[in-house]
S.K.: 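My questions all concern the structure below.
Reckoned from all heavy atoms, side chains included, excluding hydrogens, waters and symmetry mates. Below, read A as the first sequence line, B as the second, and so on, with proteins coming before strands; counting in each chain starts at 1.
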Number of protein chains: 2
Amino acid sequence: MGVIRKTQALEILLAEFENDSGAISAKELIKRLDSQMNKTTIYRVLEKLEDDGVLHSFLGNSGIKWYAKCNGCSKSRHIDVHPHFQCIDCGKVDCLNISMKIPELSGREVVASQILIQGKCEVCSA
Amino acid sequence: MGVIRKTQALEILLAEFENDSGAISAKELIKRLDSQMNKTTIYRVLEKLEDDGVLHSFLGNSGIKWYAKCNGCSKSRHIDVHPHFQCIDCGKVDCLNISMKIPELSGREVVASQILIQGKCEVCSA
DNA sequence: TTTATATTTGCAACTCAGTTGCATTTATAA
DNA sequence: TTATAAATGCAACTGAGTTGCAAATATAAA
């Protein structure tokens, strides 16, 4: 199920990702957009944007869901599998523009990988 | 807070990890040991075993908590930071006995990393 | 422009992993 | 054997995320 209609909710959500270079958690979006739309709508629009390859999602530190813009993803293929960095001080999450080699595992077939690196970001480690 | 007393719950839980070479989710342990102890006890004992460096924990696919035996961890240091492999068919999770190099990130200080590789295990890919 | 209709939204109620407070039980040391 | 600190069970809670359904709305057809 892809994005079909240009709704207000969709545009407000997309604007959040335009203004934010890093990743944003669903939780944070619910807090930010509380007065503008229902949390159910947020979850549903995010899901559609992910299906359409506009956003990608991953799980942060505490198992909550984060979203960030995709680079070169499509409905069928999410090539945007990169590590994410979460600051243990301020909680900010960024996509890392590097590729990490996933080793061959004999007998096993690798399909995907999720890499979360934790530490102190540029601001918090200064 | 470390493990202090040799209680029945502790021994039953440790036995589960003796008989299982891979990782076990808290959820699975609650199911397995339902008749033997309360889920609160399971969560609390697991937490203590982790504090003591007997087990380590990480988050699986869907954000639920998994535990596995440590190799060479201690109260103060968890050196057992290795990738985990989760089978997308049968759900089984294993610790991978390989080390993956985390790249230097300029301006950022890396403290920890969580790597979850997803795919088909030896049994399910055969 | 109006209308028909499928999609989207809000709301409330729910799910489910994990947590907390507190009274009771139990392992351990004196 | 007893005192007591630690561990346990239970019930109620938390919080992210989901679901069903009625109401609202974007879009295409007339």
Side-chain angles (χ1 to χ4, degrees), chain A residues 1-17 23-52 54-68 75 84 86 91-93 114 116, chain B residues 1-17 23-52 54-68 75 84 86 91-93 114 116:
Chain A
M1 200 202 286
V3 174
I4 294 180
R5 297 184 180 184
K6 258 188 209 159
T7 62
Q8 211 184 355
L10 184 87
E11 298 195 338
I12 292 170
L13 267 165
L14 279 178
E16 289 297 318
F17 286 94
I24 318 177
S25 66
K27 189 184 169 185
E28 168 68 18
L29 286 167
I30 290 167
K31 205 199 296 168
R32 279 193 208 169
L33 305 176
D34 180 45
S35 60
Q36 294 174 79
M37 71 189 77
N38 188 272
K39 67 171 179 170
T40 310
T41 303
I42 294 178
Y43 282 116
R44 289 197 274 226
V45 172
L46 288 173
E47 193 186 357
K48 285 189 182 166
L49 288 170
E50 185 173 20
D51 284 351
D52 269 19
V54 178
L55 300 177
H56 64 277
S57 76
F58 55 94
L59 297 175
N61 256 335
S62 47
I64 71 167
K65 224 167 180 185
W66 290 74
Y67 286 85
K75 265 182 246 254
H84 295 98
Q86 183 158 27
K92 187 185 166 200
V93 175
Q114 294 177 31
L116 183 67
Chain B
M1 199 202 287
V3 173
I4 296 180
R5 297 184 179 183
K6 259 188 207 159
T7 63
Q8 211 185 356
L10 184 87
E11 299 195 337
I12 292 169
L13 267 165
L14 279 179
E16 290 296 318
F17 286 94
I24 319 176
S25 66
K27 188 183 170 187
E28 167 68 18
L29 285 167
I30 290 167
K31 205 199 298 169
R32 279 192 208 169
L33 305 176
D34 181 44
S35 61
Q36 294 174 80
M37 70 190 77
N38 188 272
K39 67 171 179 169
T40 311
T41 304
I42 293 178
Y43 282 116
R44 290 197 274 228
V45 172
L46 288 173
E47 192 186 356
K48 287 190 182 167
L49 288 171
E50 185 173 22
D51 284 349
D52 269 19
V54 178
L55 300 178
H56 63 278
S57 75
F58 55 94
L59 297 175
N61 257 333
S62 48
I64 71 166
K65 224 167 180 185
W66 289 75
Y67 285 86
K75 264 181 249 252
H84 294 97
Q86 183 158 27
K92 187 185 166 199
V93 176
Q114 295 177 30
L116 183 66

S.K.: For A:Lys48 and D:dT18, give me the distance from atom NZ to atom P, rounded to whole Å.
M.R.: 14 Å
S.K.: Do the side chains of B:Glu28 and B:Lys31 get close enough for a salt bridge, i.e. N-O under 4.0 angstrom?
M.R.: yes
S.K.: Among C:dA6, C:dT9, D:dA16, find the nucleotide with the atom closest to the side chain of A:Arg5.
M.R.: C:dA6
S.K.: Distance check needed: D:dG17 P versus A:Glu28 CD, whole Å only.
M.R.: 13 Å
S.K.: With sugar-phosphate meaning primed atoms plus P, OP1 and OP2, does B:Thr7 contact a base, only sugar-phosphate, or nothing at under 4.0 Å between heavy atoms?
M.R.: sugar-phosphate
S.K.: Nearest whole angstrom, please: distance from the C1' of C:dT8 to the NZ of A:Lys39.
M.R.: 18 Å
S.K.: Looking at B:Leu59 and A:Gly63, what are the two nearest heavy atoms and their distance?
M.R.: CD1-N, 3.4 Å
S.K.: Quick one: which of A:Ile30, A:Leu29, A:Leu13 gives a side chain to side chain contact (heavy atoms under 4.5 Å, CB included) with A:Met37?
M.R.: A:Leu13
S.K.: From CG of A:Asp34 over to P of C:dG10, roughly how many Å is that when rounded to an integer?
M.R.: 11 Å
S.K.: Are there over 12 heavy-atom neighbours, none belonging to B:Gln36, within less than 6.0 Å of that residue's CD?
M.R.: yes
S.K.: Expressed as a whole number of angstroms, how long is the span from A:Asn38:CG to C:dT9:P?
M.R.: 10 Å
S.K.: For the pair made of OH in A:Tyr43 and P in C:dG10, what is the distance, rounded to whole Å?
M.R.: 15 Å
S.K.: So for A:Arg44 and D:dG17, does any side-chain atom that can act as donor or acceptor lie under 3.5 Å from a complementary atom in the base?
M.R.: no
S.K.: Look at all strands and tell whether B:Lys65 reaches a base, only sugar-phosphate, or nothing, counting heavy atoms closer than 4.0 Å.
M.R.: sugar-phosphate
S.K.: Could you state the CD1-P distance from B:Ile12 to D:dA7, rounded to the nearest angstrom?
M.R.: 16 Å
S.K.: I'd like to know if the side chain of B:Gln86 reaches the main chain of B:Asn61, judged simply by a donor and an acceptor atom lying under 3.5 Å from each other, with no hydrogens or angles considered.
M.R.: yes
S.K.: Expressed as a whole number of angstroms, how long is the span from A:Ile64:CD1 to C:dG18:P?
M.R.: 15 Å
S.K.: Are OP1 or OP2 of C:dG10 and a side-chain N or O of A:Thr40 less than 4.0 angstrom apart?
M.R.: no
S.K.: Measure from the side-chain heavy atoms of B:Met37 and tell me the nearest of D:dA26, D:dA5, D:dG9.
M.R.: D:dG9
